[in-house]
Every structure is written in C-alpha cells, then in structure tokens.
Participant: 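If you scroll down you'll find the structure; I have some questions about it.
In this chain, numbering begins with 1 at the start of the sequence shown.
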Amino acid sequence: MILTGHVRSCPIPASPCNCESSQYMLTGILAIFTGLTQAGIGYNASMAVLSDSLHAIADGLADFWGVVIARRVRRNPAKETLLRKRGSRVIAALLFLGAIWILWETGERWLLGSHFVSPLAVAGVGMLAGIINGLRWRILHCAQSSAPNETRAALIAHAKSDTFHSAVVSIVGFMFLAAEFASVESVDITVWGYHAVVTPQDIDLFLSSILALYMIYLSRKIWKGEEHCHHTHHDDHTH
C-alpha cells in the first residue's frame, strides 16, 4: 500500500476498490495517535508540543473525511469538489478554534509565570511525531505518484505541514537539552536597548504562540481552498 496505494490482494487496475479509503484510514489513525500522544504529554510538559498536537488531530480528522470522500466519489465523481470543500471548512474551523485556545492558554501561563518545560519530552515527542508524520506524508505521496487525485493532494499538504511542525518542535527540544547539559538556565538578551532574561519556558511559550498564529493563517488558507489548490496544481505538473 505504501508504494502503490493498493494492497497486494487488489487486482490493479480494478476499479472501484477500497484501497484508497483504507489508506486514508491508516494515515488518519497515525495522525490521531500522534496528536493524542502529544496532547497527553504536552499539556504538562510543553505548550509547543500541545500546539502541535491540535494540528495533528485536526489533520487526522481530515484524513478520516477523505475516507468519506473516496467512498462517495466512487458513486458520484462529480461531488468530489463539493465534498472536499465541506470537509475543508470544518477542519479549518476546528484548527482556528484550537489555535485561539492555545493562544489563550499560553497567555494565561505566561502571566502566571508557573509554566514547566521538560526538554526531554519536547525533543522525544517532537521526534516521534516527526517520524510518524513523515511516514504519513510518504504513504500519501507514493500513492499520489501512481494514482493522483485532488483529495489526496490536499491530505499531502496536511501531512507535510505536520512534519515541518514536528521537526521545529524537535529541534527546539534538543536545544533545550543542550542548554540543560551545559547548565544554562537562562540567556541575557539586549535588543534596541531593552534587556531581558530569556528562559526555556519563555521560548516554549513563544514558540507555542508562533505555531498557533501559523495555524490561524493555515486555517484561513484551508477555508478558502488555497492550500489545497496549490498542492493539487503542483502534483498535476509532476506527472
């Protein structure tokens, strides 16, 4: 399934088959598993990891919606665009609401000054999420190479974004670990005459805010269909 988008028992190029639906179900389960793992660990260990978890969960739901699209399109191919649009807007709304909650939670923790960060959790969970999201991206990309369609192109965009998100979180986590091993608890920074003492907690909250703002930006593009159209256009020119 990873290389062709079909299981071995599928008599390629038989049509219709359930392989596409099975593929989206698999990548959706991987995304939800990743998101729930990040949420469970990130809530007490890192706001940046928690931010990444909401993105993964939303994209897992997008993969599950892909199952619905694949099954309905087999009966009526003309409905694919409409179904994708409906699903995309629901996912965009959930992503936007999740990002707003992250910004609220981040601001609350910043004001209270009681935020805790586990460098090992940030690095470990970020790396695990990056590997799983990269696998989702690979599965969808290989199938798209042999049987391109707009729905899969949209899901590839989600998986790619998740992979980059997780990579950033993982890199920051390893930076936290390096600082911990070097016994560096804070860094003095002076910008334009203003002096500040920056801690790993500050960096984690700042990164969480950046990821949340990016999620808001991404939700707007998904709502308008721009993110999906870009990747679909790209895929069409690679075949």
Side-chain angles (χ1 to χ4, degrees), residues 1-39 52-92 94-95 127-167 218 221-222 225 227-239:
M1 180 180 288
I2 292 179
L3 296 178
T4 65
H6 294 270
V7 296
R8 289 185 177 181
S9 59
C10 179
I12 302 174
S15 180
C17 69
N18 293 317
C19 296
E20 185 179 352
S21 298
S22 300
Q23 182 185 77
Y24 298 158
M25 184 66 72
L26 172 61
T27 56
I29 290 173
L30 289 174
I32 294 295
F33 169 78
T34 302
L36 292 178
T37 300
Q38 289 178 304
D52 198 30
S53 74
L54 296 183
H55 192 183
I57 290 172
D59 286 352
L61 295 177
D63 287 5
F64 287 147
W65 182 246
V67 175
V68 177
I69 295 175
R71 290 177 177 175
R72 292 189 179 181
V73 164
R74 287 203 301 269
R75 295 195 297 267
N76 188 350
K79 285 188 174 181
E80 180 176 5
T81 300
L82 177 61
L83 290 169
R84 282 196 306 108
K85 185 176 181 179
R86 288 176 179 174
S88 295
R89 291 198 164 183
V90 172
I91 299 304
L94 292 175
L95 202 59
M127 186 167 62
L128 174 64
I131 292 172
I132 295 177
N133 289 325
L135 176 61
R136 289 173 53 221
W137 183 4
R138 175 66 175 169
I139 290 172
L140 294 168
H141 177 74
C142 286
Q144 185 74 346
S145 298
S146 59
N149 64 57
E150 293 185 4
T151 298
R152 191 182 288 110
L155 298 182
I156 288 174
H158 287 300
K160 183 177 181 180
S161 178
D162 282 343
T163 303
F164 287 143
H165 256 207
S166 300
L218 189 61
K221 293 190 70 176
I222 292 174
E227 181 73 8
H228 298 174
C229 289
H230 169 76
H231 284 269
T232 302
H233 180 74
H234 173 75
D235 287 332
D236 288 344
H237 282 275
T238 57
H239 302 290

Participant: Do you know the tightest heavy-atom contact between A62 and L155?
Facilitator: O-CD2, 3.6 Å

Participant: State, to 0.1 Å, how close T151 and G66 come at their nearest heavy-atom pair, and which atoms those are.
Facilitator: CG2-CA, 4.2 Å

Participant: To the nearest 0.5 angstrom, please state how far the CZ atom of R138 sits from the CD1 atom of I131.
Facilitator: 15.5 Å

Participant: What distance separates H55 NE2 from N133 CG, expressed to the nearest 0.5 Å?
Facilitator: 9.0 Å

Participant: How close do A129 and S166 get, heavy atom to heavy atom, and via which atoms?
Facilitator: CB-OG, 3.4 Å

Participant: Find the distance between CH2 (W137) and NE2 (H158) and round it off to the nearest 0.5 Å.
Facilitator: 14.5 Å

Participant: For the CE atom of M25 and the CD atom of E20, what is their distance to the nearest 0.5 Å?
Facilitator: 12.5 Å

Participant: Given R136, which partner from the list D59, T163, T27, D162 fulfils the side-chain hydrogen bond (donor to acceptor under 3.5 Å, both in side chains) test?
Facilitator: D162

Participant: What pair of heavy atoms forms the shortest contact from G35 to S53, and how long is it?
Facilitator: O-CB, 3.2 Å

Participant: Does any part of the side chain of F64, heavy atoms only, come nearer than 4.5 Å to the side chain of I32, both counted from C-beta?
Facilitator: yes

Participant: Under a 4.5 Å cut-off applied to non-hydrogen side-chain atoms, are I57 and L36 in contact?
Facilitator: yes

Participant: So, S161 side chain and A157 main chain: donor-acceptor pair closer than 3.5 Å or not?
Facilitator: no

Participant: From D63 CG over to I91 CD1, what is the distance, rounded to the nearest 0.5 angstrom?
Facilitator: 9.0 Å

Participant: Look up atom CG in L140 and atom CG in L26, then write down how far apart they are to the nearest 0.5 Å.
Facilitator: 9.0 Å

